J.: 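One structure coming up, written as structure tokens, with questions to follow.
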Amino acid sequence: MDARSSLNASRRRAELTRSAEETADVLVVGLGATGAGAALDAASRGLSVVAADAHDLAFGTSRWSSKLIHGGLRYLAKGEVGIAHESAVERGVLLRHTAPHLVRAHPYVLPLTGDVSRAQEAMVMAGYRLGDALRAAARTPRPLLPGPSRLDAARTRRLAPFLSPDGLRGGLLSWDGRLLDDARLVVALARTAAAHGARILTRCRVLELTGRGARARDELTGEEFEIRARVVVNATGVWAGGLDPRVRLRPSRGTHLVFAPGTLPGLTAGLHLPIPGAGNRFALLLPQPDGRAYAGLTDEPVDGPVPDVPEAPEEDIRALLAVLNAVLDVPLPREAVAGAYAGLRPLLAGEGGTADLSRRHAVLGGQRGRWGDRGDAVVTVVGGKLTTYRRMAQDAVDRAVSAAGLGAGPCRTARLPLVGATAAREASGAGNGPPARGALGAEGGPPARLVERYGAEAAAVLPLVRAYPEEVGAGVTAGELLWSALHEGALDEADLLDRRTRVGLVAADRAAALPAARAMLARAAAGDLPGA
Ligand SMILES: Cc1cc2nc3c(=O)[nH]c(=O)nc-3n(C[C@H](O)[C@H](O)[C@H](O)COP(=O)(O)OP(=O)(O)OC[C@H]3O[C@@H](n4cnc5c(N)ncnc54)[C@H](O)[C@@H]3O)c2cc1C
């Protein structure tokens, strides 16, 4: 592994000191997908970068997504051809070049129940074919994302055996991208940025933008200091208006349910489930690599102050459960819901309900001429979605470079593999299709589960897993927690259980894993490591 990508408590201390002493080209505020992507974009163009988050990597909306890497079909349906094409292109970039270890092609089935009319079936299939045309236009090879097809009822139930056979006349199968874990994408982005020299500062809140950079506070010590930078990229998502009054957002809450392994046995595809009375809106049930399944998602406008961690209200939970129960052979009781989470979409304000608001992104500020021949020194990038984070980052950094008159190379991120991306897969052009012989769990090599999760870094994680093999929950071993503290910037138990792993999505699992998390943090702090 590339040691320059390692993030940990001692590196953070060193980077904080330097950030207070030097003037950076770019200060990025916020380390969700957009900010971490902007830090990588700027650093890989040769700029000096400081990137700060008030909490942790992926603390905000980026860890609460549905984990879809959309091909853009839903935007095409609204006539937003540009965004649809952009999504399909970005999906191909992630699948084939930058993160084939984190983003996979995945099958999705729409069960044809009595709630889906024949006319709706024909319309959805026509949409899937358009989606396939988008794939082709984005030059993503068909073997990677097969075209749509119609399944009979028996095959539909093989992919989701718990579906009620009553009135089930088949299913519509389509392929799209999915993230194995959204928070881990952000961690990989931040570490890749660090490998290119970006100073990554978690627990560092920007209090105010000053025109010469920002006034910031180390949230671990309470100490305030100045970060000087030639230009600032504000990538604080749903909180962006707190630093830039030009931003007008209309946040919308999306809730997901979490089911424990075994609750929905045999689920191998994602399911699009019709929401009764909501026209062509569908809920999603998605199996997870750890055996859990997530069901989402609601879309409710939210007014008032933006909380750090949104709550999933009981009415959202019951509404989602009702959508699910409408298609199950044996309905699930409320107690079957092991956990629930909610996130706030940073939607740009506009007319109509939030489900209809555009998912386009906006880059504000950085206009030339505001300060003499230089632009204004704050560029805010907001809106959009995870799928298009790379393009958002590119647009923001382009604007920042021109605003501050920085000497920077062109954007390189469309072909820059993130830490853990396997060069062999990229070179073969196979993207994340069927792995090459020996790539997964080769004899004597790391087990397939570690390769699935860490890609090319699995061999480096393995000695820690061998030393601390006990499972702490959701299939995660104590050794992996130690890896996260040593290399992935985890500073406390919450970083380990809620963002580097997703053990914490189920409260009982989180409580059971806490002692192991504390023990591994203590080991990392003491340098008490296997082989040391
Ligand atoms: C329920 C839901 C489901 C979604 N599903 C999908 C999906 O399946 N596919 C998809 O492509 N998109 C999806 N999206 C959209 C996507 O998740 C978001 O557009 C994206 O994650 C936004 O990322 P961001 O980096 O802009 O913001 P965030 O991830 O919110 O990052 C902002 C960061 O800024 C930090 N911050 C805030 N204020 C300060 C400050 N003053 N100083 C320092 N740091 C600060 C926060 O701590 C946070 O970490 C979904 C969104 C929601 C809500």
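Quick note: numbers below take in every heavy atom, side chains included, and nothing from hydrogens, waters or symmetry partners. Note that the structure is predicted; figures quoted are calculated from it, not measured.
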J.: Would you tell me whether Asp56 and Thr202 have side-chain atoms, one donor and one acceptor, within less than 3.5 Å of each other?
T.: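 Asp56 vs Thr202: no donor-acceptor pair found between side chains.
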J.: Is it true that, when you exclude Glu311 itself, more than 12 heavy atoms of the residues, nucleotides or ligands shown sit nearer than 6.0 Å to its CD?
T.: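 Result for CD/Glu311: open.
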J.: Salt-bridge test for Asp181 and Arg63: reply yes if a basic N is under 4.0 Å from a carboxylate O, no otherwise.
T.: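 Between Arg63 and Asp181 there is no salt bridge, as every charged N stays at least 4.0 Å from the carboxylate O atoms.
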J.: Output yes when a side-chain donor or acceptor of His196 lies under 3.5 Å from a complementary backbone atom of Ala39, and no otherwise.
T.: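 Looks like no, no N/O pair under 3.5 Å.
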J.: Quick one: does any side-chain atom of Glu208 pair with a main-chain N or O of Val206 as donor and acceptor, under 3.5 Å?
T.: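 The answer is no, because no donor-acceptor pair under 3.5 Å joins these two groups.
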J.: Got a salt bridge between Arg205 and Asp218, using NZ or NE/NH1/NH2 to carboxylate O under 4.0 Å?
T.: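 Answer for the salt bridge query: no.
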J.: Measure up the Tyr341 and Tyr294 rings against each other and bin them: parallel (under 30°), tilted (30 to 60°), perpendicular (over 60°).
T.: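 Tyr341 vs Tyr294 ring planes: perpendicular.
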J.: I'd like to know if the side chain of Thr263 reaches the main chain of Phe259, judged simply by a donor and an acceptor atom lying under 3.5 Å from each other, with no hydrogens or angles considered.
T.: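 Here the side-chain-to-backbone pair does not exist.
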J.: Short question: side chain of Arg12, backbone of Arg203 - any donor-acceptor pair under 3.5 Å?
T.: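 Indeed, once roles are kept as given, a pair shorter than 3.5 Å links the two residues.
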J.: Side-chain donor-acceptor pair under 3.5 Å between Glu480 and Tyr454, yes or no?
T.: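 A pair is found: one side chain offers a donor N or O, the other an acceptor, under 3.5 Å apart.
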J.: Salt bridge check: are Arg453 and Asp290 linked by an N-O gap of less than 4.0 Å?
T.: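 No, this pair does not count.
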J.: Can a side-chain donor-acceptor contact be found between Ser252 and Arg345 if the only test is distance below 3.5 angstrom?
T.: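 Short answer, yes.
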J.: Look only at the side chain of Arg510 and the backbone of Leu505, and say whether a donor-acceptor pair between them is shorter than 3.5 Å.
T.: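 The answer is no, because no donor-acceptor pair under 3.5 Å joins these two groups.
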J.: Taking atom types as modelled, is there a side-chain donor on Ser87 or Lys385 under 3.5 Å from an acceptor on the other?
T.: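 The criterion, which ignores hydrogens and geometry beyond distance, is satisfied for Lys385 and Ser87.
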J.: Check whether the side chains of His361 and Thr388 place a donor and an acceptor atom closer than 3.5 Å, and report yes or no.
T.: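 Per modelled atom types, His361 and Thr388 side chains form no pair under 3.5 Å.
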J.: Step through the shown structure and confirm whether more than 12 heavy atoms of other residues, nucleotides or ligands are within 6.0 Å of CD on Glu223.
T.: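 Not buried by this count: 12 neighbours or fewer within 6.0 Å.
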J.: Does the pair Asp182/Arg502 count as a salt bridge with the N-to-O cut at 4.0 Å?
T.: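 Salt bridge: yes.
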J.: Between Arg253 and Ala342, is there a donor-acceptor pair closer than 3.5 Å when you use the side chain of the first and the backbone of the second?
T.: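 No; judged by distance alone, with no hydrogens or angles, the pair does not exist.
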J.: Side chains of Asp316 and Thr298: is there a donor and an acceptor less than 3.5 Å apart?
T.: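 Note: Asp316 and Thr298 side chains meet the donor-acceptor criterion.
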J.: Any donor-acceptor pair under 3.5 Å linking the side-chain atoms of Arg390 with those of Thr413?
T.: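 Their side chains do contain a donor-acceptor pair, which is all the 3.5 Å distance test asks for.
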J.: If the plane angle is over 60° it's perpendicular, under 30° parallel, otherwise tilted; pick one for Phe59 and His55.
T.: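 Phe59 and His55: parallel rings.
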J.: Any sub-3.5 Å donor-acceptor pair from Thr380's side-chain atoms to Asp244's backbone N or O?
T.: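 Side chain of Thr380 to backbone of Asp244: no pair is present.
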J.: Using modelled atom types and a 3.5 Å cut-off, is there a donor and acceptor pairing between side-chain atoms of Ser19 and backbone atoms of Glu15?
T.: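 Yes.
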J.: Looking at Ala235, is its backbone amide N or carbonyl O close enough to the side chain of Thr34 to form a donor-acceptor pair, meaning the two atoms are under 3.5 Å apart?
T.: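 No.
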J.: Are Asp2 and Ser5 close enough that a side-chain donor and a side-chain acceptor fall under 3.5 Å?
T.: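 Absent: no donor and acceptor within the cut-off.
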J.: Please determine if Arg399 and Asp395 form a salt bridge, counting it only when a charged side-chain N lies under 4.0 Å from a carboxylate O.
T.: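 Looking at Asp395 together with Arg399, the answer is no, because their closest N to O distance does not fall below 4.0 Å.
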J.: If only atom types and distance count, is the side chain of Arg228 paired as donor or acceptor with the main-chain N or O of Glu21 below 3.5 Å?
T.: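 Pair found, side chain donor or acceptor close to backbone of Glu21.
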